[in-house]
Every structure is written in structure tokens, then in C-alpha cells.
Amino acid sequence: MIDVNIPTTDLDRLVGGLNSAQRDAVMAPPEHRLVLAGAGSGKTRVLTHRVAWLIAAEQVSPHSILAVTFTNKAASEMRTRIERLLALPTRSMWVGTFHGIAHRILRLHWQEASLPQNFQILDADDQLRLIKRVLRGLNLPEDRWPARSACAFVNASKEEGRRAKDLQDRGDFNHRQYVRIYTAYESACSAAGLVDFGELLLRVYELCRDNGDLRDHYRRRFRHILVDEFQDTNTLQYAWLRLLVGETGALFAVGDDDQSVYSWRGARIEHMMRAERDFPGAQISRLEQNYRSTAIILEAANGLIERNSGRLGKRLWTDGDRGDPIQLYAAFSETDEAEFVCDRIRHHRDQGGRCIDMAVLYRSNAQSRVLEEALVRHQLPYRIHGGLRFFERLEVKDALAYMRLLASRDDDIGFERAVNTPARGIGATTMERLRPLAREAGHSLWYTARAVVVGGGGALGRSTGAVRGFLEFVDALDEATKERSLADRMEAVIASAGLREHYRKEKTEQAETRLENLDELVSACQAFEVEYGRGVHFAEPGAGDEMNAMNPLTAFLAQAALEAGDQQADSGSDCVQLMTLHAAKGLEFPVVFLVGMENGLFPNGRAVNEGNLEEERRLCYVGLTRARQQLYLSHAETRRIHGSEQVGAPSPFLREIPSDCMTEVRPRVGILRPARGFSAKTSPRFREEAVDGYRLGQTVRHARFGEGTILAFDGAGSGARAEVHFRDAGTKWLLLSIAKLQPQ
DNA sequence: GCAGTCGTCATTTTT
DNA sequence: TGACGACTGC
């Protein structure tokens with residue numbers, strides 16, 4: 001089995017550092033294999049070493065390998081690590097996201113897929129815009145037929161592999177309307193040569209399903225298909241994998257059913273269970289040794305996740321330290337919780353810790369604001385993950401709209417955006433005349449507009465001149481810059497379309513950032529061209545003809561849609577990381593704060609109503625297992641949600657975590673509490689150290705409630721009250737004159 | 001085409 | 001509470 005050309009020492013090096021379970025998976029015979037990889041068990045390691053092993057030991061040509069991930073980050077990391085392991089170029093190996101791979105196949109076989117050669121990709125935002133347009137075209141009021149729901153319907157249908165025609169004449173009135181919308185949306189996309197994310201996958205699936213020659217071609221080619229985060233595959237992705245693997249391919253899928261948290265995006269955890277049946281002879285490996293967290297954190301995570309039913313079953317262990325107990329803090333309010341977090345961050349930093357090693361995780365984005373405010377108050381640098389990414393920014397999309405028109409005049413989304421940005425007298429009225437003409441003729445806006453202008457412009461009335469001006473402008477711009485570099489063209493667009501001027505005049509505080517982003521966009525073009533010239537994206541010596549098929553402009557636009565870019569430039573600096581639990585999946589931090597652990601918030605009330613408590617629990621499991629050394633959990637007794645104060649019970653997950661993993665943090669002496677009768681924001685905080693002979697933090701005994709700790713004081717004289725946290729009875733406000741608390 | 005106002009909505013978002 | 005979209009009036 002071992003090739004004589006490859007020194008044994010190199011193979012040793014490939015598997016030498018692996019534990020036995022990892023080695024078992026990496027060195028497995030080239031047949032179907034399912035690797036259940038627990039959090040922090042070296043999943044990526046196994047995947048990359050497996051690829052290297054196939055090439056080095058099994059003599060598999062990189063040409064026969066397809067490795068699929070969900071994120072661009074994972075894909076590029078995988079390629080980098082494989083290349084480092086092998087010290088060989090692996091350009092003929094396909095490594096990419098499901099969408100990236102699908103896109104690549106469609107560029108190669110656009111004719112077979114019945115797409116125009118210069119088809120363009122719609123991102124989520126573009127898709128929603130187009131759906132809105134379709135709704136207006138169908139005269140469906142948006143309050144009755146929300147664009148978001150329609151969009152969700154279309155996406156869910158595509159994820160299930162269903163076309164509008166497959167859904168016809170079934171279901172209730174609502175459903176039929178949605179099918180109508182779906183149908184109209186499909187024709188709008190095809191008239192404009194547009195493909196959304198779901199469509200990329202669906203087209204490729206249909207192509208492989210219906211085109212035997214092509215299917216056989218790819219089956220012959222990709223003998224080894226490796227999949228990362230297998231638990232996140234949706235119905236369509238799974239079906240496509242089955243199709244591609246066929247009778248001859250070998251599937252190597254890595255995943256963790258306990259970390260499946262994207263069911264609302266179509267991911268089906270059942271695929272993990274079904275794969276054993278659908279891929280005959282599939283062997284299962286379990287990676288349970290964890291290299292990330294302390295034993296105590298793993299114990300908590302194991303204890304929690306065991307409450308879920310229907311798991312494939314796994315128990316994480318480590319031969320590392322037990323570590324420090326998880327600290328649980330019961331905050332008075334969300335502000336107090338944020339103060340606690342900041343206090344601990346400062347503590348860690350004072351001990352020599354770096355901010356970048358600390359992360360605050362929450363269930364919903366809305367929770368970040370209070371945390372941000374506190375971090376600012378404490379002058380702690382932070383970075384929020386989430387929000388708009390570079391290629392999703394308004395000004396960037398404006399500039400790209402022109403580029404899209406240069407790439408494809410039929411791109412309606414580009415047309416809609418560019419036509420009146422900056423304003424050039426082609427407003428809503430004009431567009432409302434143009435759109436139905438285009439729809440009825442089944443043509444793009446550009447085509448229709450040109451036909452009207454050439455024909456005398458009667459249908460457009462007074463704005464005919466403006467429309468003609470726009471068409472001529474775009475054509476002239478194209479003609480003038482055709483032979484120039486991508487960056488030059490972008491610069492020409494920004495300058496001559498008047499975008500730079502438009503944003504220069506804008507008097508908001510963001511104006512400057514916007515101008516900077518436009519400049520950044522030109523640089524991005526430059527960088528892209530260098531890479532593209534080197535063939536980093538598509539070149540494949542001897543086999544890649546899609547490079548010729550796709551010009552740099554189209555390639556750039558596709559990349560902008562498929563990899564919307566980083567969120568912020570300052571990612572390198574020493575900042576506390578703030579993000580949702582979903583965004584934290586796949587990451588790790590020495591110190592983790594998991595905040596907002598209240599019933600209704602986490603687990604999220606809506607999710608529980610929909611019967612997804614187990615997925616919430618998995619999300620909690622994901623959160624716990626992000627921590628390497630120290631984990632803090634907190635919940636607030638009251639929290640402002642949508643403007644009104646809500647009392648929240650601690651999350652049931654807190655009870656499910658074995659209690660010997662946790663210690664309750666005693667409230668600090670001098671805890672901050674807003675004065676009653678004043679809003680937390682405007683009133684000065686006051687700090688009562690002692691009242692009526694009692695002091696904060698003091699242990700007292702109550703006749704009925706037992707032993708407790710004084711957390712706060714309020715009022716004076718006969719109205720003086722204390723808040724006491726009782727070990728067994730919870731936290732209560734008691735009048736000192738009545739409660740007769742016994743100092744202990 | 002714009003600024004101002006009102007009403008509605010509020011989980012997560014790899015591509 | 002506050003963000004966003006639709007509507008209104010110049």
C-alpha cells in the first residue's frame with residue numbers, strides 16, 4: 001500500500017501526530033466513511049490529513065479529489081493546510097464551498113444548464129429586492145404578502161429541490177399565491193440572467209440528475225468526495241452528493257450532530273443518521289478526545305447535551321487539566337450583567353490576558369448594544385462580528401451595479417440600482433412604466449428600455465431623454481474602458497457615474513467612510529486581478545477552460561457575491577470579540593462569556609414554540625465548547641426587551657449543566673444598582689455599603705427562606721429594604737423592619 | 001426627490 | 001427601545 005517513491009518517514013509524519021481515532025479515520029481504506037467529530041477534536045486536522053494521505057499513500061491524483069465546505073474561510077483554510085502538509089501544489093484538486101463548486105460547474109456548463117454565458121449571481125439582498133419587484137408586478141400588497149416570507153418560500157422550495165412547476169395546483173390559497181410569486185420570480189431571474197444562491201445548487205443538482213454524460217464525467221473524475229460540517233447539509237446538497245458519489249465514489253464526511261444549529265436554513269441533522277444507509281458500507285469513526293477545553297467545561301457540555309434525544313452519541317474527554325469551575329453570575333439587569341462582563345475582562349487583562357482571547361457570546365444581536373455601551377464606558381476595545389460586510393455596503397453595491405451592467409446589460413438588479421443612483425431624473429414613475437413592459441415581453445429592463453427609446457420613446461414620456469442618456473452613458477463607459485484593467489474600469493465607474501461626487505455631497509457622518517470604501521473597492525479590483533492573473537481562482541493546468549469562459553469582470557462580480565468579504569478591517573487588533581452563538585461556531589477562545597441565559601431569550605421562546613428546544617440546547621453546547629480555559633455564564637433577573645422591562649427566569653440549561661461544574665459568583669461588595677424611581681440610564685448610580693447595621697455581601701438567615709446573602713439596599717428608615725439572595729428560595733426584596741434577618 | 005412623520009416589528013444568517 | 005419602511009406634503 002505504501003508507495004516506494006514516498007519515503008515512509010513522510011507518511012509517518014502525516015499520521016504521527018494523530019491520536020488513534022484520528023489515525024484510524026485518516027488511514028481508512030478509500031471507502032465511505034462518516035466521522036463523528038466532537039467539538040475541538042481535530043476535525044479539520046482529520047480532513048486535511050485524510051486528503052494528504054489519499055494523495056501520498058493511496059496514490060490518488062489530486063485531480064480526483066473534491067472537498068466541500070460551507071464557508072469560504074473553511075475552504076481556504078483547508079487548501080492551505082493540505083498544501084502545507086504535502087508541500088505540493090494541489091491546483092487540480094477542487095476545494096470550495098457548495099456554492100463555489102456549483103458556480104464553477106455552471107460556468108463550465110452554462111449551455112447545458114440553459115444559462116446565458118454571462119449569468120450573474122444574486123446575493124440575499126438582491127434577491128429580496130427582486131422579490132419585492134415581483135410582488136409589485138403581481139399587485140400583491142406587501143403587508144399581506146411580505147417579501148421576506150415570499151423569499152423564504154422560494155428558498156425553502158429550492159432547498160427541497162422543488163421548482164414552481166412541481167408545486168402547482170396544490171395546497172391552500174396562500175400556498176398557491178406563493179407558487180405564483182415563485183413562478184414570476186423564476187421568469188424574472190431568467191429574463192435577466194440572474195441566479196440566486198439556492199439556484200446555484202438547484203441548477204447543478206438538476207444538471208447532474210438529468211444530464212447522464214455530465215454526471216458520468218464528474219463521477220469518473222471525483223472518486224473521492226470529502227465533506228466538512230456534514231450535519232449542516234440541506235436536502236439539496238445531500239441529494240447532490242449522493243448523485244455525484246454514485247456507485248463508484250467514496251464519501252468521507254465529517255460532522256457533529258450535536259452542533260447542528262442551522263435547521264432554520266434547511267440543514268437536516270438526519271443526514272448524519274441516514275448516511276449510513278444511503279452510502280452502503282459506510283464505517284463510522286468517533287473523535288471524542290478534545291484538545292481545546294478543560295475537563296470541567298467538557299463535563300458541563302456533556303451533561304447538557306445528554307438531555308437531547310436521538311443523538312448518535314459521543315462523549316468528549318480530555319487528558320488535560322480539570323481547570324477552574326464555570327462561574328455563574330446572576331445579574332440584576334442587563335446593565336449589571338454587562339458591568340460584570342467588563343469587570344471580569346479587566347480582571348483578566350490585569351492578569352496579563354489579551355482582549356482578543358476573550359469573547360462575549362449571545363443568542364440575539366439585540367443583546368450587543370448594552371454590552372457595547374459598557375465596554376465603551378470601561379474603555380475596553382471590542383469588535384462586533386456580524387452586520388454588513390464589505391461587498392454588502394450600500395456604496396459598494398451602487399458601484400457594483402454599474403459593473404454588473406458592463407458585464408451583462410440584462411442584469412435587472414444592476415439596472416434598477418444604477419439607473420437612478422445618483423439621481424438622474426429616472427424616478428419611480430418611469431420605472432413603473434418600464435417594468436410591466438419588460439415583464440410582459442419577457443425581456444430585461446435594458447432591452448425594453450432600448451426598444452422604447454429607439455422606437456421614439458412614447459411609452460416613457462418626458463423621461464425618455466434621461467433614459468436614453470443613461471443607456472448611452474453605460475454603452476460609452478463600456479466602450480471607453482473595455483480594454484482597461486478591472487481597477488481602471490471601477491475607478492472610471494465611480495468617477496464618471498458621479499458616485500464619488502454623490503457621496504461627497506452627502507452630509508452624514510458615514511460619508512467619509514463611504515468614500516473610503518469606494519477607494520477600497522478599486523484596490524480590491526487590483527488585488528483580485530493579480531490573483532486572477534495567477535490563476536488562483538479557476539486555473540487548472542490542462543483542464544481548466546472556464547478561465548477563458550469567464551472574463552475577469554464576471555469573475556470579480558461572482559466573487560463579490562459568493563464571498564462578501566470581511567466585516568471589518570481592524571480584525572488584527574487586540575479587541576474583545578462580540579458575536580452571536582451561531583457566529584461563534586467553529587471558533588475558540590481562552591475566555592468565553594455566555595450571557596443572557598434566561599428562559600425565553602436562550603432558549604429562545606420562539607424556537608421553543610416551534611419545537612426546537614433541542615436545537616437551542618445544541619446551540620448552548622456550541623457556546624460552552626468554545627471556551628478553552630475559563631467560562632462565564634450569566635443571566636439577568638430583569639431585562640429590557642423591546643423597550644419594556646421583563647422579569648426572566650434563569651435558563652433551564654443552567655439547571656441541566658451539572659452543578660458541580662459551576663460556582664456562583666458572589667455579588668461584589670458595592671454592587672451597582674439603579675436607584676428606584678429613576679431610569680437606569682439617567683440616574684446616578686448609588687452605592688449603599690451598609691444600612692441599619694447590615695452590610696452588602698453579609699450572610700443572613702431568614703426564618704422561612706433560610707440562609708442568604710445581601711445583594712442590595714433600597715430606601716431608608718422604616719421603608720428600608722434589602723435584596724437577599726437565598727440559597728434555596730431565590731432572590732427576594734425584604735423590608736428590614738419586618739424580615740428580622742439574623743446576621744450569621 | 002426630499003425631509004419629516006407615523007406605524008410596525010423585533011432569532012439565528014455559512015452562501 | 002429603536003430601526004426601518006411606507007406615506008405625505010413641499
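Letters A, B, ... mirror the listed sequences (proteins, then strands); counts begin at 1.
Residue A:L106 contributes atom CG, which lies 18 Å from atom P of B:dT15 at whole-angstrom precision. When the P atom of B:dT11 is taken as reference, atom CH2 of A:W264 falls 12 Å away, rounded to whole Å. Computed from coordinates, the A:E616 CD to B:dT11 C1' distance equals 8 Å when rounded to whole Å. Atom NZ in A:K585 sits roughly 21 Å away from atom P in B:dT11 (whole-Å rounding). The distance between atom CG of A:N234 and atom C1' of B:dT15, rounded to the nearest whole Å, is 11 Å. Distance NE2 (A:H385) to C1' (B:dT14): 15 Å, rounded to an integer number of Å. Going from atom CG of A:N612 over to atom C1' of B:dT13 covers 15 Å, rounded to whole Å. Taking atom CG of residue A:L601 and atom C1' of nucleotide B:dT12, one finds them 12 Å apart after rounding to whole Å.
Taking the six-membered ring for Trp and thresholds of 30 and 60 degrees, A:Y402 and A:F473 have ring planes more than 60 degrees apart, a perpendicular arrangement. Ring geometry for A:Y532 against A:F528 counts as parallel: the plane angle stays under 30°, on a 0 to 90° scale with 60° as the upper cut. Using a 30° and 60° split on the angle between ring planes, A:Y178 and A:W145 fall in the perpendicular class, above 60°.
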Query - Residue pair A:Q120, A:S408: steps toward the side-chain hydrogen bond (donor to acceptor under 3.5 Å, both in side chains) verdict - result: CA-CA 8 Å; A:Q120 303 292 313; A:S408 159; 5.1 Å; no
Requested in this report: Show your reasoning for whether salt bridge (charged side-chain N to carboxylate O under 4.0 Å, His left out) applies to A:E416 and A:R129.
Outcome: CA-CA 10 Å; A:E416 290 260 4; A:R129 282 164 186 275; over 6 Å; no
Report task. Could you walk me through whether A:W264 and A:Y262 pass the ring pair (Phe, Tyr, Trp, His ring centres under 6.0 Å) test, one step at a time? Result -> CA-CA 5 Å; A:W264 48 278; A:Y262 282 107; 5.5 Å; yes
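Just one residue in the list A:L122, A:L562, A:N155 forms a side-chain contact (heavy atoms from CB on, under 4.5 Å) with A:F197, and that residue is A:L562.
Set against C:dG2, B:dT15, B:dT12, the side chain of A:H99 has B:dT15 as its closest nucleotide. Relative to the side chain of A:R389, the nucleotides B:dT11, B:dT14, B:dT12 differ in distance, and B:dT14 lies closest. Listed nucleotides B:dT11, B:dT15, B:dT13 differ in distance to A:N365; the shortest reach to its side chain belongs to B:dT13. The side chain of A:H642 sits closest to C:dT1 out of B:dG1, C:dT1, B:dT13. When distances run from any side-chain atom of A:T580 to the nucleotides B:dG1, C:dG2, B:dT12, the shortest one goes to B:dT12.
With a 6.0 Å radius and a threshold of 12 heavy atoms from other residues, nucleotides or ligands, A:R163 has its CZ atom above the threshold.
Note on A:N155: every side-chain N or O is 4.0 Å or more away from OP1 and OP2 of B:dT15.
Here A:G198 lies out of heavy-atom contact (under 4.0 Å) with every strand. Within 4.0 Å of A:N72, counting heavy atoms only, lie sugar-phosphate atoms of the nucleic acid but no base atom. Within the nucleic acid shown, A:E392 has no heavy atom closer than 4.0 Å to any nucleic acid atom. If you check every strand for non-hydrogen atoms under 4.0 Å, A:D125 touches nothing. As judged by a 4.0 angstrom heavy-atom cut-off over every strand, A:F98 is placed among residues making no nucleic acid contact.
Looking only at side-chain heavy atoms (C-beta outward), A:E334 and A:Q367 stay at 4.5 Å or farther from each other. Residues A:D398 and A:Y503 are in side-chain contact: their nearest non-hydrogen atoms beyond the backbone lie under 4.5 Å apart.
A donor and an acceptor atom never sit less than 3.5 Å apart when one is taken from the side chain of A:R640 and the other from the base of C:dT1. In this model, no side-chain donor or acceptor of A:R265 finds a partner on the base of B:dT12 within 3.5 Å. Counting distance only, with no hydrogens placed and no angle test, the side-chain atoms of A:R606 and the base atoms of B:dT11 include no donor-acceptor pair under 3.5 Å.
Residues A:A366 and A:A561 both approach DNA chain B. Their nearest nucleotides, taken by heavy-atom distance, put A:A366 toward the 5′ side. The 5' end of DNA chain B is approached more closely, in terms of each residue's nearest nucleotide, by A:H502 than by the other of A:H502 and A:H582.
Of the residues in residues 131-148 of chain A, none has a non-hydrogen atom less than 4.0 angstrom from any atom of DNA chain B.
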Report task. Quick one: the dot-bracket string of DNA chain B, using Watson-Crick and G-U wobble pairs with both distances under 3.5 Å, [ ] for crossing pairs and | for bases paired to another strand. Result -> ||||||||||.....
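Taking the P atoms as reference points, C:dC4 lies 16 Å from B:dT13, given to the whole Å.
Taking the ring axis of A:F119 as reference, the NZ or CZ atom of A:R107 stays within 45° of it and closer than 6.0 Å to the ring centre.
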